Visitor: 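Here it is, the structure, as structure tokens.
Atoms within each ligand, like the ligands themselves, are counted from 1 in listed order. All values reported here derive from a predicted model rather than from experimental measurement.
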Amino acid sequence: MTATPAVLLRGAVAMPQVGIGVFLVDDADAERVVRTAIDAGYRSVDTAAAYQNERGVGRAVAACGVPRGDLFVTTKIWNTEHGFSATTRAARESLDRLGLDYVDLLLVHWPVPEQDRYVPTWQALLHLREAGLARAVGVSNFQPEHITRLLEATGEPPAVNQVELHPLFTQDPLRRFGAATGIVTEAWHPLAPGTGLLTDPVVARIAVKHGRSAAQVVLRWHVQQGHVVIPKSTRPERIRENIDVYGFALDVADMADLDGLNQGKRLGPDPATFFLP
Ligand code: NDP
């Protein structure tokens with residue numbers, strides 16, 4: 001079993017640096033996937049109301065035998081639930097589906113600027129944290145201008161910003177903004193699925209050099225920079241492979257070569273315009 005170090009959210013809440021993501025995992029399969037991950041040493045799982053698998057995640061948490069206090073569960077408020085009262089209700093519904101009294105991290109999934117309701121949504125998250133329903137609160141897919149508005153309205157920065165981030169899209173300005181504001185950056189699409197990154201010759205050469213897989217090299221690039229990562233796999237051997245990234249280190253040249261793959265282009269939607277109901 002492989003353990004994973006933790007990062008501290010706002011100096012208070014320890015979050016495992018590697019977790020299992022369950023986007024596109026059926027509810028019926030989520031229990032198996034999360035239990036496989038927990039057996040492999042994972043203690044963190046990233047779900048969302050929109051993934052429609054919170055019940056399966058909850059079944060795994062209930063049945064796995066690991067004390068609730070040793071697990072870290074993240075879920076997210078979907079785009080149609082922005083605004084103070086809708087967000088408060090949606091969070092309680094997520095907890096019901098998960099079968100939990102609290103989540104460890106509650107995120108706003110997307111800012112949806114065209115609705116312009118992410119400030120009251122954020123105020124609801126702060127209220128839910130005060131009520132003990134979330135240990136930490138944060139955002140996902142927020143740009144600096146969105147976070148600045150949260151700060152102006154409440155004085156409270158998010159603990160985490162979960163964003164698309166991988167060697168093909170390194171998000172340097174956003175990561176600098178996060179570091180300056182005390183926000184932990186969490187990477188989604190950490191392996192840049194569907195791009196060929198894992199067969200790129202640069203990644204392959206570094207993988208051979210360290211006797212590791214391409215996925216482990218990419219995940220090591222993340223953790224060495226302090227990102228939280230939540231790679232998704234439904235395959236037991238890959239689930240185990242993806243958390244086993246602490247037994248080697250990339251050197252300065254490896255990191256620079258991987259940084260050099262940046263194309264500055266998103267694979268996923270643009271947070272400035274994305275609104276999927
Ligand atoms: P990932 O970067 O985790 O890539 C997942 C893909 O890579 C799957 O097709 C998986 O296939 C494959 N894969 C996983 N491990 C390996 C490996 N070791 N070798 C080769 N292929 C591998 O992308 P995701 O989009 O799933 O992102 C991760 C998580 O981030 C999501 O599950 C979700 O929790 C979160 N997320 C959040 C978003 C947001 O807006 N906040 C948006 C998108 C994702 P297989 O399953 O067959 O192994």
Side-chain angles (χ1 to χ4, degrees), residues 2 15-27 29-30 32-34 36-37 40 42 44-54 56-57 60 72-79 94 98 103-112 118 138-143 146 158 160-169 171 174 184-200 203-204 207 212-223 227-245 266-276:
T2 314
M15 177 177 193
Q17 194 177 20
V18 180
I20 182 89
V22 293
F23 181 42
L24 300 179
V25 177
D26 287 347
D27 189 69
D29 202 21
R32 177 194 66 84
V33 168
V34 174
T36 302
Y42 291 73
S44 172
V45 53
D46 181 85
T47 184
Y51 302 168
Q52 297 184 13
N53 57 20
E54 290 173 309
V57 170
F72 192 101
V73 178
T74 300
T75 195
K76 314 188 190 84
I77 301 291
W78 187 239
N79 301 338
S94 278
L98 285 160
V103 285
D104 297 276
L105 180 62
L106 182 62
L107 301 178
V108 186
H109 209 143
W110 291 87
V112 200
Y118 56 82
V139 296
S140 178
N141 301 302
F142 273 48
Q143 298 298 293
H146 308 134
V160 168
N161 192 12
Q162 183 186 111
V163 296
E164 180 182 344
L165 174 57
H166 43 75
L168 303 180
F169 188 53
Q171 296 258 40
L174 185 61
V184 168
T185 298
E186 181 175 15
W188 64 256
H189 264 5
L191 299 171
T195 60
L197 175 66
L198 298 185
T199 51
D200 183 282
V203 178
R212 294 290 184 147
S213 73
Q216 287 174 320
V217 164
V218 172
L219 294 169
R220 181 72 205 178
W221 174 87
H222 284 285
V223 300
H227 311 158
V228 172
V229 278
I230 42 170
K232 170 261 173 186
S233 180
T234 57
R235 305 188 201 192
E237 69 283 5
R238 287 181 174 177
I239 290 172
R240 289 190 284 272
E241 176 185 329
N242 291 346
I243 197 176
D244 183 16
V245 294
R266 297 177 188 283
L267 304 175
D270 184 344
T273 52
F274 181 68
F275 179 29
L276 182 68

Visitor: What I want to know is whether Pro190 and ligand 1 share at least one N or O pair that is separated by under 3.5 angstrom.
Guide: yes
Visitor: Does an N or O from Ala215, backbone or side chain, lie closer than 3.5 Å to an N or O of ligand 1?
Guide: no
Visitor: Hey, what do you get for OG (Ser44) to CD (Glu186), rounding to the nearest 0.5 Å?
Guide: 7.0 Å
Visitor: Does the plane of the ring in His109 sit parallel, tilted or perpendicular to the ring in Tyr51? Use 30° and 60° as the thresholds.
Guide: perpendicular
Visitor: What protein heavy atom lies closest to atom 18 (N) of ligand 1? Include the residue and the distance to one decimal.
Guide: Asn242 OD1, 2.9 Å
Visitor: To the nearest 0.1 Å, how far is atom 4 (O) of ligand 1 from its closest protein heavy atom, and which atom is that?
Guide: Pro193 CG, 3.6 Å
Visitor: Please could you name the atoms of ligand 1 that Trp110 approaches to less than 4.0 Å, counting only its heavy atoms?
Guide: 40 (O)
Visitor: Check this for me, if you would: do Lys232 and Asp46 make a salt bridge, where the nitrogen-to-carboxylate-oxygen distance has to be below 4.0 angstrom?
Guide: no
Visitor: Heavy-atom distances under 4.0 Å are what count here, so tell me which part of His189 touches ligand 1: side chain, backbone, both or neither.
Guide: both
Visitor: Using the side-chain contact (heavy atoms from CB on, under 4.5 Å) rule, pick out the option among Thr36, Ile20, Ile230, Val34 that qualifies with Tyr42.
Guide: Ile20
Visitor: List ligand 1 atoms under 4.0 Å from Thr234, heavy atoms only on the residue side.
Guide: 46 (O)
Visitor: Where the closest heavy atom to atom 40 (O) of ligand 1 is concerned, which of Val33, Val218, Val108, Asn141 has it?
Guide: Asn141
Visitor: Could you identify the single nearest non-hydrogen protein atom to atom 34 (O) of ligand 1 and state the distance to 0.1 Å?
Guide: Asp46 OD2, 2.7 Å
Visitor: Please round to the nearest 0.5 Å and tell me the distance separating atom OG1 of Thr273 and atom CG of Asp270.
Guide: 4.5 Å
Visitor: Could you tell me if the side chain of His166 sits less than 4.5 Å from the side chain of Thr195, heavy atoms only?
Guide: no
Visitor: Of the side chain and backbone of Val163, name the one, both, or neither that has a heavy atom under 4.0 Å from an atom of ligand 1.
Guide: neither
Visitor: About how many Å separate CG of Asp244 and CZ of Arg220, when rounded to the nearest 0.5 Å?
Guide: 11.0 Å
Visitor: Of the protein's non-hydrogen atoms, which lies at the shortest distance from atom 47 (O) of ligand 1, and what is that distance?
Guide: Arg235 NE, 3.0 Å
Visitor: Is there a polar contact between ligand 1 and Ala187, counting only N or O atoms under 3.5 Å apart?
Guide: no
Visitor: Please write down residue, atom name and distance for the protein heavy atom closest to atom 10 (C) of ligand 1.
Guide: Lys232 O, 3.5 Å
Visitor: Please list, in number order, the atoms of ligand 1 under 4.0 Å from a heavy atom of His109.
Guide: 39 (C), 40 (O), 41 (N)
Visitor: Under 4.0 Å, heavy atoms only, figure out whether ligand 1 is touched by the backbone of Val22, its side chain, both or neither.
Guide: backbone
Visitor: Which value, rounded to the nearest 0.5 Å, describes the distance between Leu165 atom CG and His222 atom NE2?
Guide: 5.5 Å
Visitor: Find all atoms of ligand 1 within a distance of less than 4.0 Å from any non-hydrogen atom belonging to Pro231, and give their numbers and elements.
Guide: 3 (O)
Visitor: With heavy atoms only and a cut-off of under 4.0 Å, state how Leu198 meets ligand 1: side chain, backbone, both or neither.
Guide: side chain
Visitor: Could you state the interatomic distance from CG (Leu219) to CG (Leu191), rounded to the nearest 0.5 Å?
Guide: 4.5 Å
Visitor: Checking side chain to side chain donor-acceptor pair (under 3.5 Å) for the pair Thr47/Glu54: CA distance, chi angles, key distance, verdict?
Guide: CA-CA 7 Å; Thr47 184; Glu54 290 173 309; 5.3 Å; no
Visitor: Does His227 form a ring-ring contact (aromatic ring centres under 6.0 Å, His included) with Trp221? I'd like the steps, not just the answer.
Guide: CA-CA 9 Å; His227 311 158; Trp221 174 87; 5.8 Å; yes
Visitor: Quickly, which of Asp104, Val184, Leu105 forms a side-chain contact (heavy atoms from CB on, under 4.5 Å) with Met15? Name it, please.
Guide: Leu105
Visitor: Quick one: list whatever passes ring pair (Phe, Tyr, Trp, His ring centres under 6.0 Å) with His189, sequence neighbours left out.
Guide: none
Visitor: Could you work out, with side chain to side chain contact (heavy atoms under 4.5 Å, CB included) as the rule, every residue matching Phe274, not counting sequence neighbours?
Guide: Trp78, Asn79, Trp110, Pro269, Leu276
Visitor: Counting only heavy atoms, which portion of Ser140 has something under 4.0 Å from ligand 1: side chain, backbone, both, or neither?
Guide: side chain
Visitor: Please write down residue, atom name and distance for the protein heavy atom closest to atom 45 (P) of ligand 1.
Guide: Arg238 NH1, 3.3 Å
Visitor: Using a strict 4.0 Å cut-off to heavy atoms of Glu241, name the atoms of ligand 1 that fall inside it.
Guide: 18 (N)
Visitor: Side chain or backbone, does Gln162 bring an N or O within less than 3.5 Å of an N or O on ligand 1?
Guide: yes
Visitor: Please report which non-hydrogen protein atom sits nearest to atom 44 (C) of ligand 1, along with the residue it belongs to and the distance in Å to one decimal place.
Guide: Trp188 CB, 3.7 Å
Visitor: Which residue and atom name correspond to the protein heavy atom nearest atom 2 (O) of ligand 1, and how close is it?
Guide: Leu191 N, 2.8 Å
